[in-house]
Amino acid sequence: MTRSAEIMQRARALFPGGVNSPVRAFGGVGGEPFVVERGEGARIWDVDGREYLDYVLSWGPLVLGHAAPVVLDALRDTMERGTSFGIPTELEVRLGECITQRMQHIEMLRFVSSGTEATMSALRLARAATGRSRVLKFDGCYHGHADAFLVRAGSGVATLGLPNSPGVPDAVASLTLTAPYNDLAALAAVATRHGNDLAAIIVEPVIGNAGFIPPDLGFLPALRQVADQTGALLIFDEVMTGFRIAPGGATERFGVTPDLVTLGKVIGGGLPVAAYGGRRDLMEQVAPTGPVYQAGTLSGNPLAMAGGLATLTALTPELHARIERRTASLVMGLREIAARRGVPFTADHAGSMFGFFFRAEPVRSFADAKQADVELFKRFFHAALERGVYLAPSAFEAGFLSAAHGDAEIAATIERLDEALGAAL
Ligand code: PLP
């Protein structure tokens, strides 16, 4: 028995599925997850000493790679002065300033500790500010596991084929409306029918939780227009796309400004940080300035703030552009491999986020994504893993690059994935 298998056996006695977040259990690809021991740069090593080039990067946060020296130095320095106070620190202000300078439509923000908290709180605020109850989300988008969002969700919910979650009362689920992503006719229909009761429209500006699905040219502007016409607030859930698809996120990349934004992942550099923010008049309604209650014992935790600040400080526009170029090379390489082997394939990227499907036609919605060859993906995933490339263990998750994925790593990855595809066919 490998050491990974032995540890997973103990884990399964303790945690549902042996994991503390569902997709980690490899349910989407079958087989047994490995147990990780350490990471450095673009690589991780499991407890049996096997090395992998990592394209999951803790599901997105590690834009500088594993154990980035600037992040570790900042953590060490901060840690020596104490790990948590529950009193304001300058680090919160510095990270807040760093974010608002790059995303100027975020006039005010609040730090929380997970993306789930961020989206849940943004929706509460939208409901309070509009005095309305309903929220519109899009099929395959994942916005964390708060009750309102576990309706036709992506990520693990999609991976495991779960439609909605038991435990979410019908009364709550019925307030969540859904429409297919990139479907303007469906959007118009919801606006006509429920516009008067719509508190918010929430969207992943580029979907990363149903695989990687970019918006059609007119989709995000149409959301802005419907929000304006109906009086609903537009929420960009940039937990995944923030500081990944452009230095200023979706607003910079697509020129559409939401009312509220949620952030997570990269802004913590691998520590638990997320945030919601946006228009000042809205954020001033949050307690203690306003009546909309939201709080957190560890919110703005100094270690987490230091991790995020070190990460964003290092992530200059030049570095962002370099990682984006390498992501483009990887995607190009993948397309070439598939074309040479005659495999139906589509792949794309935005910034340092990428994805692919075994399907000839472009994927514009979750329904399209489900038409892809998932069985081939499973075989490809395992063949890649055997060759030391760790892709997200689900056909419905995006991949990520870091600053540590250099040209040599990309070349090695393409070579190994070429072999892996050959083996998977
Ligand atoms: N929103 C999006 C777009 C996400 O990708 C995720 C997590 O993957 C979340 C929200 C939830 O974040 P967390 O897992 O930190 O609760």
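Numbering of ligands and ligand atoms starts at 1, following listing order. Positions are given from 1, in the same order as the sequence printed here. FYI, side chains are in, hydrogens and waters are out, and symmetry mates aren't considered; it's all heavy atoms of this structure. Note that the structure is predicted; figures quoted are calculated from it, not measured.
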Self-check item: Residue-ligand contact Lys265/ligand 1, heavy atom below 4.0 Å
Solution: yes
Self-check item: Tyr142 near ligand 1 by a heavy-atom separation under 4.0 Å
Solution: yes
Quiz item: Are any of the side-chain heavy atoms of Leu303 and Met79 separated by less than 4.5 Å?
Solution: yes
Exercise. Using a strict cut-off of 4.0 Å, indicate which atoms of ligand 1 neighbour a heavy atom of Glu204.
Key: 3 (C)
Quiz item: Can you tell which of Thr257, Ile202, Thr251, Leu263 makes a side chain to side chain contact (heavy atoms under 4.5 Å, CB included) with Phe236?
Solution: Thr251
Quiz item: Going by the atom numbers of ligand 1, which of them fall below 4.0 Å from some non-hydrogen atom of Gly115?
Solution: 11 (C), 12 (O), 13 (P), 15 (O), 16 (O)
Quiz item: Quick check: does Met240 get an N/O under 3.5 Å from an N/O on ligand 1?
Solution: no
Quiz item: Any N or O on Asp237 sitting closer than 3.5 Å to an N or O of ligand 1?
Solution: yes
Practice problem: Please indicate whether any nitrogen or oxygen in Thr116 is less than 3.5 Å from any nitrogen or oxygen in ligand 1. | Solution: yes
Exercise. Please identify which atoms of ligand 1 are closer than 4.0 Å to at least one heavy atom of Ser114.
Key: 15 (O), 16 (O)
Exercise. Would you mind listing which atoms of ligand 1 come within a distance below 4.0 Å of any non-hydrogen atom of Gly144?
Key: 9 (C), 10 (C), 11 (C)
Quiz prompt | Any side-chain heavy-atom pair of Glu51 and Ile44 under 4.5 Å | solution = no
Practice problem: Can you sort out which atoms of ligand 1 are near Asn209, meaning under 4.0 Å from one of its heavy atoms? | Solution: 2 (C), 3 (C), 4 (C), 5 (O)
Practice problem: Scan residues 196-206 for pairs that pass salt bridge (charged side-chain N to carboxylate O under 4.0 Å, His left out), counting only residues two or more places apart or in two chains. | Solution: Arg134-Asp197
Quiz item: Are Tyr55 and His405 an aromatic pair by the rule of ring centers under 6.0 Å?
Solution: yes
Exercise. Measure from NZ or CZ of Lys378 to the centre of the six-membered ring of Phe380 and say whether it is under 6.0 Å with the direction within 45° of the ring axis.
Key: no
Practice problem: Could you tell me whether Phe345 and Phe358 have their ring centroids closer than 6.0 angstrom? | Solution: yes
